[in-house]
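Below: one structure, written as structure tokens.
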2 protein chains.
Amino acid sequence: MTYCVGLKLNAGLVLLSDTRTNAGLDNIACYRKMYFFEEPGERVVVVMTAGSLSVTQTTLARLDEAITDEMADETTSIMLAPTMLQVATIIGDTLSRTRREIIEQCRDLTQQASASMIVAGQRKGGDMRMFLIYPEGNFIEATEDTPFLQIGEHKYGKPILDRVVTPATSLADAQKAVLLSMDSTLRSNLSVGMPLDLAIIEKDACAITARRRILDGDADFMRMSAAWSAALRESFVKVTI
Amino acid sequence: MTYCVGLKLNAGLVLLSDTRTNAGLDNIACYRKMYFFEEPGERVVVVMTAGSLSVTQTTLARLDEAITDEMADETTSIMLAPTMLQVATIIGDTLSRTRREIIEQCRDLTQQASASMIVAGQRKGGDMRMFLIYPEGNFIEATEDTPFLQIGEHKYGKPILDRVVTPATSLADAQKAVLLSMDSTLRSNLSVGMPLDLAIIEKDACAITARRRILDGDADFMRMSAAWSAALRESFVKVTI
């Protein structure tokens, strides 16, 4: 499994993904699930992926190929697309086509190849936007009312987001919120695992403002996780029924 | 959907269920999902159900019928079965048979009829035991290491249980833990809804010690829910990354 979460706030975009992939329980590996496309100051696009690795890797490879192709134009390259909506459409179409081809190859298997993605970014002169792209290539967008999107194992980490995230949340608080959301998921589901990839994109920077890989045993993350556990237990003692 | 949770602690059993059932999103109803079988001082069995209402209601009706049947014996009646293990076996067999029959009736539908149950109780002279019965009739049991079992929409409410529940948890704290676990689920999933049914069975009482229906708008529950939200937000502010 996977857990990726993205927040679209007034102050910017905050994105977090884990890196664990598994085929069954006895074949566990570490793969990056966060991909960057950046022309600093002009355009930044971050893609996070969940689902069959063969689908997500092939989709990303095709997006890369389309960018470097000498015939690349605004309908094929996410680095030339005029709007974030067009970026999401190109990624959705590529995902949908790749998935259909792989399903066709795997038609003798009972397990379906599938994948979904979160695409977030901004183009100079445009607004920040964030989309969740479904396996079929269609998508939904984060809004004022629903400023976060999740893919993969999303349920364990949703209660904390429901409680603390609004569009007005600061980037520092947002970073804390996604890390605590991930922390709850890591504790409750073995198939989501460290290290983590965190990215922050400030509004109108059109570039990655901060990017960090949080390794297993990271002192700050462990301290935060322990402090949160302690705070939760304290809160539990204080609340009465 | 449904959310039911049971804790098996050194001090006793604590059980909580919601009451919402839905067929699609436009047909929502309220049904009890917690059933009591009791001969105070001798035997107490509580069953909580999740899944297709036709499967769970028919299974419970058959268990009732088997109890009142004049041919009832220790292999058919959960009120005569000599052990909690035998109680779980009778319920598992009844569930499995009922489910197979209903699947056969519904074979033209794509949706599968299915259900699972939590069975908890004690017989005089025996130990408290708690089982999770799968749709196929097989079951697992709560242990020292895993003192809680959940059925239905279990993920949202698991992080709090993972953090605070151990076999040594007091019955008062356990009550708080299951209510907070339910509170997180209610907030994050519309298909789980009030009112709630709560039951407490003290160790060796072999009877229901306390039983309470918590209605929508219950002042105590709302106060606890608000206090927990406030405490979580306070904790969130205190924790630093």
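Computation of the quantities below employed the complete heavy-atom set of this structure, encompassing side-chain atoms and omitting hydrogens, waters and symmetry-equivalent molecules. Proteins get letters first, then strands, A, B, ... in listed order; numbering begins at 1 in each.
Counting non-hydrogen atoms of other residues, nucleotides and ligands closer than 6.0 Å to CZ of A:Arg187 gives a total above 12. Residue B:Asp127 qualifies as open at atom CG: its count of foreign heavy atoms under 6.0 Å is 12 or below.
A distance of 3.5 Å separates NZ in B:Lys155 from CD in A:Glu153, rounded to the nearest 0.5 Å. Rounded to the nearest 0.5 Å, atoms NZ (B:Lys176) and OG1 (A:Thr240) are 7.0 Å apart.
Looking only at side-chain heavy atoms (C-beta outward), A:Glu234 and B:Lys238 come within less than 4.5 Å of each other.
In this structure, the portions of B:Leu232 lying under 4.5 Å from any heavy atom of chain A include both its backbone and its side chain. Residue contact with chain A, scored on non-hydrogen atoms closer than 4.5 Å, involves the backbone and the side chain of B:Ala177 alike. Using a 4.5 Å cut-off between heavy atoms, B:Arg163 contacts chain A through both its backbone and its side chain.
Counting heavy-atom pairs closer than 4.5 Å to chain B, the top-ranked of the candidates A:Ile160, A:Asp173, A:Leu180 is A:Asp173. Counting heavy-atom pairs closer than 4.5 Å to chain B, the top residue among A:Ala231, A:Ser188, A:Ser184, A:Ser225 is A:Ser188.
Taking each heavy atom of B:Trp228 and A:Phe236 in turn, the nearest pair found is CZ3-N, 3.6 Å. Smallest separation of non-hydrogen atoms from A:Val239 and B:Met224: CG1-CG, 3.4 Å. A pairwise comparison of heavy atoms in B:Arg233 and A:Val164 identifies CG-CG1, 4.0 Å as the closest pair.
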